[in-house]
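Some notes on the structure that comes next.
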Amino acid sequence: MIKFHRRDFLASAAGLALAGSALAQGTPKKGGVLKVSANANPSSLDPQTGGSGSDHSFLYPIFDTLIDFEPATLKALPGLAESWTNPDPTTLVLKIRAGVTFHDGTACDAAAVKFNLDRARLDPRSNIKGDLVTVEGVEATGPLEVTIKLKQPDSALLLILSDRAGMMSSPKAMQELGKDYDRKPVGAGAMKFVSWNDNEKVTYARHDKYWKPGQPYLDGLEMNVIPEINTALRAVVAGQNDFVYFLSPQQKPLIDRAKTLAAVTGPTLYCPILFLNFSKAPLDDVRVRRALNHAIDREAFAKATMAGLSEVATTVLPKAHWAYDPKLENFYKHDPDKAKALLAEAGHKDGLELHLIGYTDQRQQQRQEVIQEQLRKVGIKLRFSTFNIPEGSAAFFSKAEGHGLLSQWTGRPDPSLTFTLLYGKGSYFNSGRQEASPEVTAALAASRASADIEDRKKAFSVLQRLVLEQALSVPLLFQFELDAHHTKVKGFTSNLLGKPRFDGVWIDG
Amino acid sequence: MLTKDRLRLVGRRLVQIAPVILLATFVVFGLQQLVPGDIAATLAGESATDARIAEIRKLYGLDRPFLVQYGSWLWGALHGDLGKSLLSGEVVLDSILRRFPTSLLIVGCALTLSLSIGIPLGILAAVRPGSRIDATVTSVASLGVALPNFWLAMLLVATFALNWNFFPATGAKPLSAGIGPALLHAALPAIALAAGGIAEVARQLRSSLVEVLSSQYVRTLHAKGLSPAAILWKHGLKNVSVNLLTVIGLIFNRLLGATVVIEAVFAIPGIGSMVVHAAIHKDFPVIQGVVLALVLIVISLNLLIDVLYTVLDPRVSQK
């Protein structure tokens, strides 16, 4: 049984005040269309068949999720499910909010939720089957009550339902449209889908029967696809668009110089990281992996690549995250002598050469150069093979080419998912597929076992310490989100996922 | 106008179209097979397993043999069905019909600018070769050819859009939204594209005109007492017009290619941004559709130019 602790409530209120300043921005006004510079064409507007991390900002306006999350810490909050209980560790009962309708007028009730979850688990075109592998079955046990049976305890499921799997579509629309549903989404969110021209724009109009009273404030939303970030910012400076996100830190001075613009920054889960194949020699020796961690000067790396808009990483969770353990800070200090000593101890007195996979874009090349230079100082020579993102990832994760991959971890709503995907035996992101250690496997399971957040925090402390001791990867830093908007845009709050949401936004004057 | 010879020429060209299209689309399709990369990996999402990627490949028919895939695309294309984008499901013909006019408007404006500025400059320079005007035109033209158009584009935006707000900084409007707004949006990209075109036209025109004007028959014309103006307009320009036509054809094709970069700078939803996105992800129905459309445009333009050759130079159709 989950209860909201008073402490949690206070913490979340504080978190909201910190993250938001939305409350301090005046009284919301109705009307107006928000024009956004978006960075990429969506892969699909059906949350279940899409596959790109940049889709979310396009999906959130159309789709409300079963579970919501607190922007600053990613703790679960009620969404379309107004409450939930765990009668036993392998059962999750969701109580669905009454009176919610999809944009086509059909009801978002227990039957609709069951239809959505079953489609996500079983449809051949679903890309999110993996998110729901622990689900044994879903039943509508009442008109507004859904019971999810699990194969094993999985407290990560709650926040999975704040992601793609929790985005509810109209079953009627999905059945009638089949494959065409990819381009004609019908959800229960604040905005109705209007049109989508590939690589040009997606337009939305307000959903008058939205369940949140008074919302949405906007009459409409226009997501203009502009992949080139300098052009995307220019469109906002020139006043053609009102909002732009996913900017690079080097653009901050341009925003500050423009009088009509305001910058928004905040930490995100987006973590540039050196993935290691810890099953492959010489990285199967923990001393070599530790040496790598000591050899990297993260402060210098952050300064060179992020112009200060970042937070140095110890594990793959940033400081603001609810499962972050401050005791682990600075676990690996920058210490080239120690790194050399560890290498000598492992039998690499005269240094060694590693083959890394990297990506071809300019920002990644810069990161490669900095890492190459830092590791050279302790006698580790790096040889990079570069690819575009999907192919580089496939080379390292699927084909186990190279010793490591300099890439980024974009985060998952629940930290159990992050750790299992990165370090679990047989997981896709564990390039060698082997078990890190029996202790890690046990700690991974323990992090999903309890639904109580305090128990989970303890489990994550243990797990993170083990992962650090084993030096299973080299997390570098957390990238801050950098957005810019016209000063007339009010009520925007950044979130730790780093995927902007425009709910609660209004245009002043 | 349409003499028997010209009709025969058009007929001959039309017969050539089919093999050219077949060859172009086949080669492009084949090249996509050679380039590393796999659209199934993109379609399967961020953390897909090999098994999932294989499943996707089967689902989209990507596991079929190369010739079968090409054949089924060709069969569809012959029936007017260019298919749907593998990435997003958008009907390819819809995207092409929406995007080509945008790009063609910019290319058209850039070509008009190239000719209306390049031709007078070329004439000015050629009339007095070696003069100060000639030196100025020649060096400005060299600069125009050397300037990267994306850099010029950024300067133009910074000055005319961001500083002075004369023009919009990004985007495009279709002609259906009104000629004024459409031209206003097309202006900066067209100017940026035209810089190279102006220089090219001026240089080419100058050199061929200088050659004509220094030839023996022009000397004879002078001796006959014909005025320099009459020599230039009646004999000089008529003789270089065939060269000029060739240059126009080349510039048009180059401008069409250059829109890829310019469209990125101005966030213009034209053909360039469409084909770049498709090529990066190997979205073959889109690539094939665009190639087909481009081939058709280039062939029609070449046909038009061939016909115009015969108008300007009767010897062409006699050959």
Side-chain angles (χ1 to χ4, degrees), chain A residues 37 40-46 49-53 55 124-131 164 179-184 196-201 224-228 230-232 234-241 258 387-391 393-395 397-399 410 412 421 426-429, chain B residues 36-50 52-53 55-56 58-60 84-85 87-92 94-95 98-99 102 150 153-154 157-158 161-163 165 167-172 185 261 263-270 273-274 276-278 280-283 286:
Chain A
S37 296
N41 197 42
S43 62
S44 163
L45 289 179
D46 176 347
T49 62
S52 166
D55 292 347
R125 290 184 72 235
S126 164
N127 270 345
I128 49 169
K129 285 180 217 153
D131 289 0
R164 287 178 179 275
K179 261 191 186 178
D180 291 338
Y181 184 72
D182 283 7
R183 298 190 67 86
K184 289 173 185 161
W196 174 16
N197 289 346
D198 266 8
N199 293 303
E200 187 182 340
K201 66 179 168 188
N224 295 288
V225 180
I226 308 181
E228 214 283 311
N230 293 308
T231 308
R234 272 203 298 278
V236 177
V237 174
Q240 288 181 287
N241 287 344
F387 300 86
N388 72 25
I389 294 179
E391 286 161 37
S393 305
F397 294 124
S398 285
K399 296 173 199 143
T410 53
R412 290 294 183 275
L421 288 169
S427 161
Y428 177 78
F429 294 100
Chain B
D38 187 359
I39 191 171
T42 312
L43 289 172
E46 271 171 352
S47 53
T49 57
D50 277 0
R52 175 67 185 151
I53 293 175
E55 197 182 0
I56 288 280
K58 209 168 154 121
L59 211 60
Y60 286 84
K84 289 180 181 178
S85 158
L87 286 176
S88 71
E90 184 169 64
V91 176
V92 174
D94 290 354
S95 340
R98 198 178 60 240
R99 284 167 170 268
T102 309
F150 64 88
M154 284 179 190
V157 173
L162 298 184
N163 252 356
N165 265 320
F167 297 101
T170 58
H185 276 84
V261 176
E263 285 178 11
V265 176
F266 289 94
I268 291 164
S273 50
M274 176 180 176
V276 167
H277 187 256
I280 288 173
H281 296 288
K282 299 187 72 186
D283 192 349
V286 177

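Predicted model only: the values in this text are computed from it and were never measured.
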Whether [X] side chain and [Y] backbone form a donor-acceptor pair below 3.5 Å:
{"X": "Asn127(A)", "Y": "Leu43(B)", "value": "yes"}
{"X": "Arg234(A)", "Y": "Val265(B)", "value": "yes"}
{"X": "Thr231(A)", "Y": "Phe266(B)", "value": "no"}

Requested in this report: Considering only heavy atoms and a distance below 4.5 Å, find which of Val286(B), Leu162(B), Thr170(B) pairs most often with chain A.
Outcome: Thr170(B)

So for [X], is it side chain, backbone, both, or neither that comes closer than 4.5 Å to the heavy atoms of chain A?
{"X": "Tyr60(B)", "answer": "side chain"}
{"X": "Ser95(B)", "answer": "neither"}
{"X": "Glu55(B)", "answer": "side chain"}

**Report entry** Heavy-atom closest contact (Asn199(A) atom, His277(B) atom, distance)
**Finding:** ND2-ND1, 3.3 Å

Can you tell which part of [X] gets under 4.5 Å to a heavy atom of chain B, answering side chain, backbone, both or neither?
{"X": "Ala394(A)", "result": "neither"}
{"X": "Arg183(A)", "result": "side chain"}
{"X": "Asn230(A)", "result": "neither"}
{"X": "Asp55(A)", "result": "neither"}
{"X": "Lys201(A)", "result": "neither"}

Query raised in the report: Heavy-atom count around Lys184(A) NZ within 6.0 Å, excluding the residue itself: above 12?
Result: no

Report summary line: Highest number of heavy-atom pairs under 4.5 Å with chain B among Glu200(A), Arg125(A), Gln240(A) belongs to Gln240(A)

Report task. Count the heavy-atom pairs under 4.5 Å between each of Trp196(A), Phe397(A), Phe387(A) and chain B, then report the option with the highest count. Result -> Trp196(A)

Requested in this report: Using a strict cut-off of less than 4.0 Å between a Lys/Arg side-chain nitrogen and an Asp/Glu carboxylate oxygen, indicate whether Lys84(B) and Asp198(A) qualify as a salt bridge.
Outcome: no

